[in-house]
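Structure record follows, encoded as structure tokens.
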Amino acid sequence: MDRDLLRQSLNCHGSSLLSLLRNEQQDNPHFRSLLGSASEPARGPPPAAGRKEKRVDNIEIQKFISKKADLLFALSWKSDAPATSEVNEDNEDHYAVMPPLEQFMEIPSMDRRELFFRDIERGDIVIGRISSIREFGFFMVLICLGSGIMRDISHLEITALCPLRDVPSHSNHGDPLSYYQTGDIIRAGIKDIDRYHEKLAVSLYSSALPPHLSGIKLGVITSEELPLYYSKNFSEDDYASALRKKQSASWALKCVKIGVDYFKVGRHVDAMNEYNKALEIDKQNVEALVARGALYATKGSLNKAIEDFELALENCPTHRNARKYLCQTLVERGGQLEEEEKFLNAESYYKKALALDETFKDAEDALQKLHKYMQVILYFLLET
């Protein structure tokens, strides 16, 4: 039976679970020997003053635990699978590699340290970099775990000491520490834990590991041998902000589609509401900007249409419809300015359209026509 797991359960549920276990498992020889020692309080610092002890009062859960204890606390639940570094690389594509949970949550460093020292056990594998070498051993700063629960510990500055007696010699003479250098990546096994003072001692001998991990190489390793969850470079697209952006773009496109359907049947107000909703979700959604710009142009709000088309083209310079509709609207607005006898302003709009598409014939024709008209006006002004 798993003594540590039983102790954790008793610490959580209290004396009521202990009583139920004694009643339910009285005929189980394994539990008769374990319950006495497991019910003793765990070693470590006393609880802080004023902190309330957490208890689960749900008696149904405790009854379930006591009845199924022979299964729940069986050692067979402990994984006999090799460490990540020993897994056949051919199988790596068959499961998702996730970073530690802490990377998705804002957990204070103090709480993360507390969780680490709560969960770490003798025989666990840790990986770190040598920070200093002394005559009595070397210190290493932990960067990740090589077995057990994955924790994001690289920024917690947790230090472990590897005493000289736990450093194997690599030659028949000389100092065993001469083989190591500051900065080396070390894989080691946890040998001693002082949870109260948050101190760790590690060993490079395989005897420090449990049987199912004893085949794992301890000592200096390369960066290629780091656990996949730590060594994998997660791209920006894997994180929450990028995923949220993709999700917002998808929701915005749904609104645009609904708006286009409204536009086709002449329900322009409803279409505008859907386009605005899409842009509230995703301010730079190109399809929403183009669709709203087209609706503005249809309603005669050419300046607003031009603003939307320009913003869409700024966000996506290769968007064909944004460029096409912008050129058309610039020429149409130039025509309005001609009617208002603002010829120089009209000329700038035609030139802007040609700058976007030098083959746009409507803009070229309008500009030539305007220049001829301006020449005629200038001729009459000079004659008079």
Side-chain angles (χ1 to χ4, degrees), residues 81-89 92 97 99-100 102-103 109-110 112-117 119-235:
T84 304
S85 59
E86 298 295 312
V87 176
N88 190 330
E89 293 182 0
E92 289 181 357
V97 178
E102 291 93 331
Q103 292 193 13
S109 296
M110 184 179 299
R112 287 161 58 186
R113 286 183 69 95
E114 183 178 345
L115 288 171
F116 172 83
F117 280 100
D119 295 333
I120 196 72
E121 297 290 349
R122 289 182 181 178
D124 285 348
I125 296 175
V126 293
I127 298 173
R129 291 184 185 275
I130 294 180
S131 57
S132 64
I133 301 175
R134 308 290 181 84
E135 64 277 3
F136 53 83
F138 63 77
F139 289 94
M140 54 187 280
V141 178
L142 305 189
I143 58 176
C144 65
L145 298 177
S147 67
I149 301 173
M150 289 190 301
R151 292 287 188 203
D152 181 16
I153 64 172
S154 57
H155 303 296
L156 299 183
E157 296 294 326
I158 297 173
T159 302
L161 169 65
C162 185
L164 181 60
R165 63 178 179 273
D166 287 296
V167 180
S169 177
H170 289 271
S171 61
N172 294 328
H173 60 277
D175 181 4
L177 295 175
S178 63
Y179 180 78
Y180 301 92
Q181 300 180 25
T182 301
D184 283 349
I185 304 175
I186 302 294
R187 183 194 286 133
I190 294 290
K191 187 174 181 181
D192 290 303
I193 307 167
D194 183 345
R195 301 184 197 277
Y196 185 74
H197 296 98
E198 295 188 346
K199 292 184 177 180
L200 300 172
V202 298
S203 174
L204 301 186
Y205 286 103
S206 59
S207 58
L209 302 178
H212 69 283
L213 297 177
S214 59
I216 295 178
K217 167 196 167 188
L218 300 182
V220 178
I221 63 172
T222 66
S223 57
E224 287 76 17
E225 296 176 89
L226 289 168
L228 191 59
Y229 79 87
Y230 178 83
S231 60
K232 177 175 172 60
N233 295 318
F234 291 93
S235 69

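Every residue meeting the side chain to side chain contact (heavy atoms under 4.5 Å, CB included) condition with Leu142, not counting sequence neighbours, appears here in chain and number order: Phe116, Val126, Met140, Ile153, Ile158, Ala160, Leu200. In this structure Glu121 satisfies the salt bridge (Lys or Arg N to Asp or Glu O under 4.0 Å) test together with Arg195, sequence neighbours excluded. Under the rule for a side-chain hydrogen bond (donor to acceptor under 3.5 Å, both in side chains), Arg129 has no partner lying at least two apart in sequence or in another chain. Taking the side chain to side chain contact (heavy atoms under 4.5 Å, CB included) definition, one finds that Tyr205 meets it with Asp166, Pro168, Ser203, Ser207, sequence neighbours left out. Not counting sequence neighbours, the partners of Asp119 by the salt bridge (Lys or Arg N to Asp or Glu O under 4.0 Å) test are Arg151. Residues that satisfy the side chain to side chain contact (heavy atoms under 4.5 Å, CB included) test with Glu198, not counting sequence neighbours, are Arg113, Phe117. For His155, the side-chain hydrogen bond (donor to acceptor under 3.5 Å, both in side chains) criterion is met by no residue, not counting sequence neighbours. Residues passing the salt bridge (Lys or Arg N to Asp or Glu O under 4.0 Å) test with Asp192, sequence neighbours excluded: Arg122. Evaluation of the salt bridge (Lys or Arg N to Asp or Glu O under 4.0 Å) rule for Arg134 yields no partner, not counting sequence neighbours. Among residues two or more places apart in sequence or in another chain, the side chain to side chain contact (heavy atoms under 4.5 Å, CB included) test is passed with Leu161 by Phe136, Phe139, Pro163. Under the rule for a side-chain hydrogen bond (donor to acceptor under 3.5 Å, both in side chains), Gln181 has no partner lying at least two apart in sequence or in another chain. Under the rule for a ring pair (Phe, Tyr, Trp, His ring centres under 6.0 Å), the partners of Phe138 that lie at least two apart in sequence or sit in another chain are Tyr180.
Taking CD1 of Ile127 as the reference point, atom CD1 of Ile185 lies at 8.5 Å (rounded to 0.5 Å).
Ile125 and Leu209 get closest at one heavy-atom pair: CG1-CD2, 3.7 Å. Shown here for Val167 and Cys162, the closest heavy-atom pair between the two residues is CG2-SG, 3.7 Å.
For the pair Leu145/Asp124, no side-chain contact is recorded, criterion being any heavy-atom separation below 4.5 Å from C-beta on.
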